[in-house]
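For the single chain, residues carry numbers from 1 onward in sequence order. It should be emphasised that the depicted structure is a prediction, and the values quoted were computed from it without experimental measurement. Basis for what follows: all heavy atoms, side chains included, without hydrogens, waters or symmetry-related copies.
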Amino acid sequence: VRDWHWTREEQIAWALGHGIEVPVKSGAAYSIDQNLWGRSIEAGPLEDPWYAPDEDAFELTAALADAPATPQDVVVRFVAGVPVAIDGEELPLDELILRAAAIAGAHGVGRLDTIENRLVGIKSREVYEVPAAALLLAAHRGVEELVLDRDLQATKHTLADTYAQLVYNGLWFGPHRAAIDAFMDATQVGVTGEARVQLHKGGLRVTGRRAERPLYRHDLATYEVGDAYRHDAAAGFIHVFGLATRVWADTQGAAADAAAAAGGRP
């Protein structure tokens with residue numbers, strides 16, 4: 001197709017003329033790809049980045065005007081990081097994704113409108129419908145917050161961006177992706193628990209989470225009776241933690257302040 005330099009309309013006509021089914025007909029406004037995880041919508045009027053998508057571009061998500069006026073709470077359960085049940089009903093993963101998409105989509109959740117940076121240097125406007133991803137990823141992060149320590153959680157978020165870029169650039173079959181997979185698998189061993197997510201008029205938020213082996217401890221976090229945190233240790237920690245900053249302030253702080261006041265000149 002690229003060698004022939006055909007337009008999109010010519011490609012559709014050739015496919016239909018040879019009995020090849022395509023998801024759009026000649027003259028359709030958008031180019032659409034769809035799989036279990038969601039839909040991507042591009043081309044046509046969306047090539048103008050100022051153009052607001054019409055409602056006929058969407059199939060998986062309701063318009064906000066048509067979404068229920070009453071919020072809905074959804075509880076998603078995970079075992080070792082994998083979603084296994086919605087509102088107490090266990091489902092195979094493919095069916096669970098479709099159920100999540102139907103629930104979240106009915107509330108208008110999961111619409112994304114982005115300007116992407118393609119590997120070849122072109123900027124492209126893409127509109128997505130990913131209601132299942134929006135719901136499941138929010139719930140997953142809710143459980144992770146309870147069971148991953150601070151540094152591990154931060155590293156995972158950084159590598160998630162790298163992982164997404166690898167996949168976007170078509171580098172799935174490579175050692176980089178496989179190595180990150182191994183790291184991600186290690187982080188999910190303790191991610192067993194539930195998160196409650198509230199859906200309403202295109203928005204969602206986690207309103208509760210619980211896990212089998214949480215790092216969160218009420219006796220360490222409470223301000224009430226039963227507080228087990230050693231407050232007498234805080235003074236020594238603050239002294240040591242702030243030592244490098246105090247030494248810098250004593251030796252170089254005044255010069256840095258003077259330079260800043262002079263507009264950066266010494």
Side-chain angles (χ1 to χ4, degrees), residues 33-40 58-64 66-112 128-150 152-157 159-161 163-164 167 172 177-178 180-218 221:
D33 293 311
Q34 183 167 346
N35 58 31
L36 184 64
W37 203 228
R39 297 171 78 241
S40 66
F58 301 102
E59 290 186 4
L60 304 181
T61 54
L64 296 188
D66 299 328
T70 304
Q72 179 178 355
D73 288 337
V74 181
V75 177
V76 183
R77 175 167 175 77
F78 297 85
V79 174
V82 178
V84 297
I86 292 183
D87 289 335
E89 181 181 358
E90 294 188 3
L91 295 166
L93 185 56
D94 57 342
E95 294 181 21
L96 185 144
I97 291 172
L98 292 174
R99 178 73 60 83
I103 294 172
H107 289 270
V109 169
R111 293 187 181 186
L112 303 176
Y128 293 94
E129 286 187 287
V130 284
L135 171 56
L136 296 178
L137 291 176
H140 184 259
R141 283 192 298 270
V143 179
E144 278 192 329
E145 288 169 351
L146 286 177
V147 300
L148 299 187
D149 75 9
R150 179 183 59 195
L152 183 58
Q153 192 173 359
T155 300
K156 181 177 181 293
H157 287 171
L159 286 178
D161 288 339
Y163 194 98
V167 176
W172 179 269
R177 192 274 307 168
I180 297 177
D181 262 350
F183 171 87
M184 295 296 180
D185 288 344
T187 69
Q188 298 305 295
V189 173
V191 186
T192 295
E194 294 179 324
R196 184 178 62 246
V197 182
Q198 186 175 91
L199 309 169
H200 186 225
K201 292 289 185 181
L204 78 170
R205 64 189 181 96
V206 176
T207 61
R209 68 280 279 167
R210 56 192 176 194
E212 289 187 359
R213 298 192 299 276
L215 298 181
Y216 177 90
R217 281 179 47 181
H218 180 266

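- Between the side chain of H200 and the main chain of A69, a donor-acceptor pair closer than 3.5 Å is present.
- Expressed to the nearest 0.5 Å, how far CG of D73 lies from OG1 of T207 amounts to 5.0 Å.
- In terms of modelled atom types and a separation under 3.5 Å, the side chain of R77 and the main chain of V84 share no donor-acceptor contact.
- Minimum heavy-atom separation, P83 to F78: N-CD2, 3.4 Å.
- Residues F183 and L152 have side chains in contact (heavy-atom distance under 4.5 Å, counting atoms from C-beta outward).
- With hydrogens and angles disregarded, a donor-acceptor distance shorter than 3.5 Å links the side chain of T187 to the backbone of M184.
- With rounding to the nearest 0.5 angstrom, the CG atom of L98 is 9.5 Å from the CG atom of L93.
- Between the side chain of E144 and the main chain of Q153, no donor-acceptor pair closer than 3.5 Å is present.
- Annotation for A211 and V147: closest pair CB-CG1, 3.6 Å, computed over non-hydrogen atoms.
- R209 places no side-chain N or O within 3.5 Å of a backbone atom of L146 that could act as its donor or acceptor partner.
- One finds the CG atom of L136 at 6.0 Å from the CD1 atom of I86 (value rounded to the nearest 0.5 Å).
- Contact annotation: the side chain of V109 never approaches that of T61 to less than 4.5 Å [non-hydrogen atoms, C-beta and beyond].
- For CD of E90, the number of neighbouring non-hydrogen atoms (other residues, nucleotides, ligands) closer than 6.0 Å is 12 at most.
- Side-chain N/O atoms of H140 and Q188 include a donor and acceptor closer than 3.5 Å.
- Across every non-hydrogen atom of L112 and V130, the tightest pair is CD1-CG2, 3.8 Å.
- Counting heavy atoms from C-beta outward, Q34 and L60 have side chains that approach closer than 4.5 Å.
- Side-chain N/O atoms of T192 and E212 include no donor and acceptor closer than 3.5 Å.
- Rounded to the nearest 0.5 Å, atoms CG (L64) and CZ (R111) are 6.5 Å apart.
- Note that the CG atom of L91 and the CZ atom of R99 stand 5.0 Å from one another [nearest 0.5 Å].
- Across G142 and V206, no two heavy atoms sit closer than the pair CA-CG1, 4.5 Å.
- In terms of heavy atoms, A106 sits closest to P68 at O-CD, 3.2 Å.
- Proximity of a side-chain donor or acceptor of E129 to a complementary backbone N or O of F58 within less than 3.5 Å is not detected.
- When all heavy atoms are compared, the tightest approach of A134 to G110 is CB-CA, 4.1 Å.
- Note: R141 CZ to K156 NZ = 9.0 Å, rounded to the nearest 0.5 Å.
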